[in-house]
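Only one structure is covered here, and it is reproduced in the block below.
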2 protein chains.
Amino acid sequence: MTRYRLTPLAQSLPASVPFVGPETQERARNAPFAARLGANENVFGPSPRAIAAMAETEHWKYGDAQSHDLREALARTLGTTMDHIIVGEGIDGLLGYLVRLFVGEGDAVVTSDGAYPTFNYHVAGYGGVLHKVPFVDDHEDPASLFAKAAEVDAKLVYLSNPDNPMGSWHKGADIARAMDALPEGTLLVLDEAYVETAPEGTALPLPFDDPRVIRMRTFSKVYGLAGARVGYALGHPELITAFDKVRNHFGMNRAAQAGALAAVKDREWLTHVQSEVALARDRIAAIARDCGLTSLPSAANFVAIDCGRDGAFAKAVLDGLVERGIFVRMPFAAPQNRCIRVSCGTEADLDAFAAALPAALSAAERG
Amino acid sequence: MTRYRLTPLAQSLPASVPFVGPETQERARNAPFAARLGANENVFGPSPRAIAAMAETEHWKYGDAQSHDLREALARTLGTTMDHIIVGEGIDGLLGYLVRLFVGEGDAVVTSDGAYPTFNYHVAGYGGVLHKVPFVDDHEDPASLFAKAAEVDAKLVYLSNPDNPMGSWHKGADIARAMDALPEGTLLVLDEAYVETAPEGTALPLPFDDPRVIRMRTFSKVYGLAGARVGYALGHPELITAFDKVRNHFGMNRAAQAGALAAVKDREWLTHVQSEVALARDRIAAIARDCGLTSLPSAANFVAIDCGRDGAFAKAVLDGLVERGIFVRMPFAAPQNRCIRVSCGTEADLDAFAAALPAALSAAERG
């Protein structure tokens with residue numbers, strides 16, 4: 001990149017991607033996957049009303065720059081007001097804006113080793129310095145995260161609850177209590193992407209205008225709209241307003257706004273998906289058990305299966321599954337990378353997974 | 001914003017929006033617009049095949065991070081290869097990524113006074129210093145732009161052709177010739193959002209891998225997919241690869257990718273829209289003439305109407321139109337702000353405009 005006068009920071013960044021997508025893998029292997037269980041998508045799909053709302057959209061019109069109707073509906077559902085809510089292009093997009101607002105070159109940021117790579121991608125992209133603490137018993141650990149934040153004077157600390165990639169979770173009240181140790185100058189970025197499939201009491205039980213925290217939510221998981229790219233953040237109005245400094249004001253897809261609005265209003269479909277997810281989690285655990293493996297308890301729409309050895313072995317199992325047409329992923333960091341991560345699927349998806357797992361395991365054991 | 005530790009740059013930015021959207025205006029006036037002619041949307045809509053492709057999309061899947069199929073189709077249509085093309089969240093999104101790659105605090109950027117405000121928003125957002133040159137005879141002027149770029153050692157220089165907001169245009173060959181004066185260290189950002197409604201010979205007749213220029217194109221205008229948020233940039237593969245350093249790799253809406261792919265392949269619908277646009281431009285010119293006003297020649301999907309006096313008068317005409325339910329916009333800078341800018345509309349839209357204009361003019365004349 002010598003021809004172009006990129007900024008020194010841009011010059012230093014790799015042209016990398018946090019994840020290799022399933023379509024990219026399908027092109028590489030020259031065959032489609034039989035089961036798509038690697039991206040924690042929601043195969044049960046969005047509300048039929050959301051599908052109808054998207055189909056009826058006048059695509060020739062730009063979206064509403066304020067996502068007014070969607071924010072209004074969210075505010076009503078959550079018992080807050082619109083000025084506590086910013087809608088953006090998925091949690092990925094919102095994390096990008098948030099990092100851009102807070103993180104300059106050399107600024108400290110804290111996360112867990114093995115937590116969401118796209119957050120790390122944004123921090124690196126703005127020149128921040130990432131400090132990582134290990135998981136504790138396969139959980140992201142608020143106490144170590146906040147202690148590290150104090151030590152390095154972090155501007156942001158990232159915590160997901162429920163956690164990706166392990167599916168573990170904390171009670172919201174426990175996180176609230178742990179926040180007593182959150183340093184004054186550190187903003188907690190609480191990623192609640194999977195909160196709707198978690199037990200009652202997982203969401204943080206603090207007012208949305210608590211200035212110490214910003215919560216991230218999404219329509220990509222339980223609402224089944226990953227392809228639509230709609231997320232939202234909840235926080236103090238002063239913080240929410242700051243997004244208007246940098247966001248793409250006309251960046252929202254109009255059909256996505258309409259689909260998310262219809263999805264929020266369809267509580268019946270939400271309940272339906274929640275029960276499908278619970279059933280699929282149990283089925284994944286049973287499939288693991290049948291192969292002599294243990295699975296981890298999960299509050300998310302995926303299950304981590306402990307392959308019982310090290311990361312290299314789990315990777316061999318994963319490769320065997322991918323070879324057999326099953327798209328799954330695995331944690332990046334040890335010792336969590338002894339696991340593979342399997343998203344909830346339809347019965348047919350999980351039949352295919354159940355059929356492939358024993359062969360993938362045997363192949364991995366043969367080495 | 002004292003509570004939060006934003007970066008000094010973010011701290012200094014206003015929480016502003018480059019444009020006030022029509023929905024925001026409708027909420028403020030508490031009434032819908034009768035004709036939506038202010039955002040240069042394409043009221044003739046997208047190809048029915050694009051609508052069908054979007055409706056058939058599995059919204060629960062994330063989009064393809066590489067927009068492979070769309071880039072392949074674009075490459076075939078344009079006679080180039082995929083590595084010359086990056087697809088992004090509209091030209092707005094791509095301009096944001098481009099500015100982020102090139103512009104750090106204090107870096108010089110050149111544009112025309114009154115040209116696309118969203119580009120300026122991104123430059124300010126990354127701390128760049130904007131230098132503006134005036135339009136010449138209601139045209140953005142390559143010679144002055146490139147001379148200013150040399151003078152201030154600009155990293156980027158922005159030029160739209162056809163131009164927004166005036167609808168004027170240059171022959172592509174004339175821009176290519178003017179590029180002899182483009183300084184070595186300056187990248188030309190050539191916004192060709194409206195090129196498909198322009199006369200043959202308007203597109204820049206240089207190879208797509210010319211390292212001096214990056215071209216921006218969109219599905220928001222002639223393809224009628226503004227709500228979908230799909231744009232693409234054409235440039236040297238080395239430059240195109242650099243977008244992978246900073247872009248949201250999974251930021252594209254899946255249905256939008258499918259819709260754009262279907263739209264690219266439907267050349268018949270493209271021709272249909274091109275002829276509707278040409279007819280609507282003539283009609284707008286005729287409506288202006290009937291009111292004793294002149295309109296400017298336009299190669300875009302809108303027409304600038306010269307209201308014959310100063311910016312204050314044109315603003316009064318615009319306000320009168322908005323009051324009467326006609327959403328239009330106007331140029332920001334003098335002397336172009338003697339005009340109002342009217343997007344191509346359906347017959348019914350333009351009937352409504354024709355009915356409202358005389359009254360808006362009289363009211364403005366009464367002062």
Side-chain angles (χ1 to χ4, degrees), chain A residues 1 3-7 10 13-18 21 23-24 27 39 41-43 45-46 51 54-55 57 59-66 68 89 92-93 96 101-102 104 125 155 185 187 211 224-229 238-239 241-242 244-246 248-251 253-256 259, chain B residues 1 3-7 10 13-18 21 23-24 27 39 41-43 45-46 51 54-55 57 59-66 68 89 92-93 96 101-102 104 125 155 185 187 211 224-229 238-239 241-242 244-246 248-251 253-256 259:
Chain A
M1 299 299 302
R3 196 201 299 266
Y4 295 103
R5 290 167 77 193
L6 305 190
T7 65
L13 296 172
S16 71
V17 54
E23 285 82 6
T24 305
R27 286 187 291 268
E41 295 159 329
N42 172 4
V43 69
I51 295 174
M54 290 187 282
T57 298
H59 301 286
W60 63 269
K61 296 180 176 177
Y62 286 103
D64 173 17
Q66 302 183 306
H68 176 279
E89 304 90 339
D92 285 3
L101 284 170
F102 279 83
K155 282 184 148 184
L187 179 70
L225 288 168
R229 310 281 58 221
E238 190 181 317
L239 178 57
T241 300
D244 281 343
K245 293 165 172 270
V246 296
N248 266 341
H249 289 266
F250 291 89
N253 179 295
R254 188 177 185 92
Chain B
M1 298 300 301
R3 199 201 298 268
Y4 295 104
R5 289 167 77 194
L6 304 190
T7 65
L13 296 171
S16 71
V17 51
E23 285 82 5
T24 305
R27 285 187 291 268
E41 295 160 327
N42 171 2
V43 68
I51 294 173
M54 290 187 281
T57 298
H59 301 286
W60 63 269
K61 297 180 175 176
Y62 286 103
D64 173 17
Q66 302 182 305
H68 176 278
E89 304 90 337
D92 284 1
L101 284 169
F102 279 82
K155 283 183 147 183
L187 180 70
L225 287 168
R229 311 281 55 222
E238 190 181 317
L239 178 57
T241 300
D244 281 344
K245 294 165 172 269
V246 298
N248 266 341
H249 289 265
F250 290 89
N253 180 295
R254 188 177 186 92

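Every heavy atom of this structure was used, including side-chain atoms; hydrogens, water molecules and symmetry mates were not. The chains referred to below are lettered A, B, ... by the order of the sequence lines, with proteins before strands, and numbering in each begins at 1. Computed from a predicted model, the values in this text were never measured in an experiment.
With respect to chain B, the highest number of heavy-atom pairs below 4.5 Å among A:Gly125, A:Ala55, A:Gly104 belongs to A:Gly125. Residue with the most contacts toward chain B among A:Gly93, A:Ala15, A:Gly96: A:Ala15 (heavy-atom pairs, distance under 4.5 Å). Of the residues considered (A:Gly21, A:Pro211, A:Gly259), A:Pro211 shows the highest number of contacts with chain B, using heavy-atom pairs under 4.5 Å. Interface check for chain B: of the options A:Ala39, A:Ala10, A:Ala226, the most heavy-atom pairs under 4.5 Å are formed by A:Ala226. The candidate with the highest count of non-hydrogen atom pairs below 4.5 Å against chain B, out of A:Ala255, A:Gly63, A:Gly251, is A:Gly251. When the candidates B:Asp92, B:Val43, B:Val246 are compared by the number of heavy-atom contacts under 4.5 Å with chain A, B:Val43 comes out ahead.
Contacts between A:Pro14 and chain B at a heavy-atom distance below 4.5 Å involve the backbone alone (N, CA, C, O). Using a 4.5 Å cut-off between heavy atoms, A:Leu187 touches chain B through its side chain atoms alone. Contact annotation for A:Asn42: only backbone heavy atoms (N, CA, C, O) come within less than 4.5 Å of a heavy atom of chain B. Only the backbone of A:Ser16 has a heavy atom closer than 4.5 Å to any heavy atom of chain B.
Atom CG of residue B:Asn253 and atom CG of residue A:Asn253 lie 4.0 Å apart, to the nearest 0.5 angstrom. A distance of 3.5 Å separates CD in A:Gln66 from OG1 in B:Thr24, rounded to the nearest 0.5 Å.
Put simply, the side chain of B:Thr7 does not reach to within 4.5 Å of the side chain of A:Phe102, judged on heavy atoms. Here the side chains of B:Glu89 and A:Glu89 are not in contact, with every heavy-atom distance at 4.5 Å or above. Inter-residue side-chain proximity for A:Met54 and B:Met54 is flagged as unmet; no heavy-atom pair is nearer than 4.5 Å. Using a 4.5 Å heavy-atom cutoff, the side chains of B:Leu225 and A:Trp60 are not in contact.
For the pair B:Lys245 (side chain) and A:Leu13 (backbone), a donor-acceptor distance under 3.5 Å is present. A side-chain donor-acceptor contact under 3.5 Å links A:Arg229 to the backbone of B:Phe250. In this structure, B:Asp64 contributes its side chain and A:Glu23 its backbone to no donor-acceptor pair below 3.5 Å. In this structure, the side chain of A:Arg5 does not engage the main chain of B:Lys155 through any donor-acceptor pair within 3.5 Å.
Taking 4.0 Å as the cut-off between side-chain N and carboxylate O, B:Glu41 and A:Arg254 do not count as a salt-bridged pair.
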